[in-house]
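Inspection log for the structure reproduced underneath, given as structure tokens.
In this text, all values refer to a predicted model and were calculated from it rather than measured experimentally.
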Amino acid sequence: MDPCELCVYIRFSQCCILIAGIAMAIKPSSQWLKILGLVLAWYGVIQGMLWSVELQQIHAAAHMLDGGDIFATGGGGAACSTEPDFPLGLPLHEWLPYEFAPTGGCGEDDWSLLGMNMADYCIIAYSIFSLALGAVTLGWLYSLFAMK
């Protein structure tokens with residue numbers, strides 16, 4: 001599938017989670033790298049979930065026609081921009097166009113597995129990320145306060 005604007009934002013949030021993990025793995029004993037990593041990871045998880053929910057809502061709205069599909073009639077995709085606006089003004093769509101340049105329309109989703117689309121699976125993935133990151137955060141906080 002060609003990625004839409006929200007899809008590339010979701011990819012960006014996943015890269016934030018990956019970079020956060022790498023930052024924490026560089027020197028596990030560094031509290032500053034852990035704080036930086038956790039903040040970046042929570043940003044990625046929360047923002048990724050918000051973008052996934054937004055994509056799911058657009059997808060649901062685009063496919064609400066009576067027995068039809070807005071994309072089958074040649075419409076749709078108007079909610080997306082072809083010029084993404086990444087945080088900090090990063091021109092990721094220029095630096096890495098294969099990964100971050102939107103080429104598809106929002107809500108256009110001809111892929112499904114077990115009756116769920118890509119946005120559904122992203123929501124499930126971010127839910128799992130939240131649980132795992134919550135456990136990591138609580139474990140780190142416990143280790144901070146348990147040490148005397």
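- Closest heavy-atom contact between Y126 and I17: CE2-CD1, 3.9 Å.
- In this structure, L55 and C4 have side chains that are in contact, with non-hydrogen atoms separated by less than 4.5 Å.
- At least one side-chain heavy atom of L114 sits under 4.5 Å from a side-chain heavy atom of Y121.
- Contact between G37 and A20 at its shortest, heavy atoms only, is O-CB, 3.0 Å.
- Remark: side-chain polar atoms of K34 are paired, donor with acceptor, to backbone N or O of P28 under 3.5 angstrom.
- Nearest heavy-atom pair, C122 versus I10, reported as atom, atom and distance to 0.1 Å: SG-CG2, 4.1 Å.
- Separation of atoms CG (L33) and CD1 (I26) is listed at 6.0 Å; rounding is to 0.5 Å.
- Taking the six-membered ring where tryptophan is involved, the planes of F12 and F86 are tilted, since the angle between them lies from 30° to 60°.
- Between the side chains of Y43 and S13, no donor-acceptor pair of N or O atoms lies under 3.5 Å.
- Using modelled atom types and a 3.5 Å distance limit, the side chains of S130 and W42 yield no donor-acceptor pair.
- Across I123 and M49, no two heavy atoms sit closer than the pair O-CE, 3.5 Å.
- Put simply, the side chain of L36 does not reach to within 4.5 Å of the side chain of M24, judged on heavy atoms.
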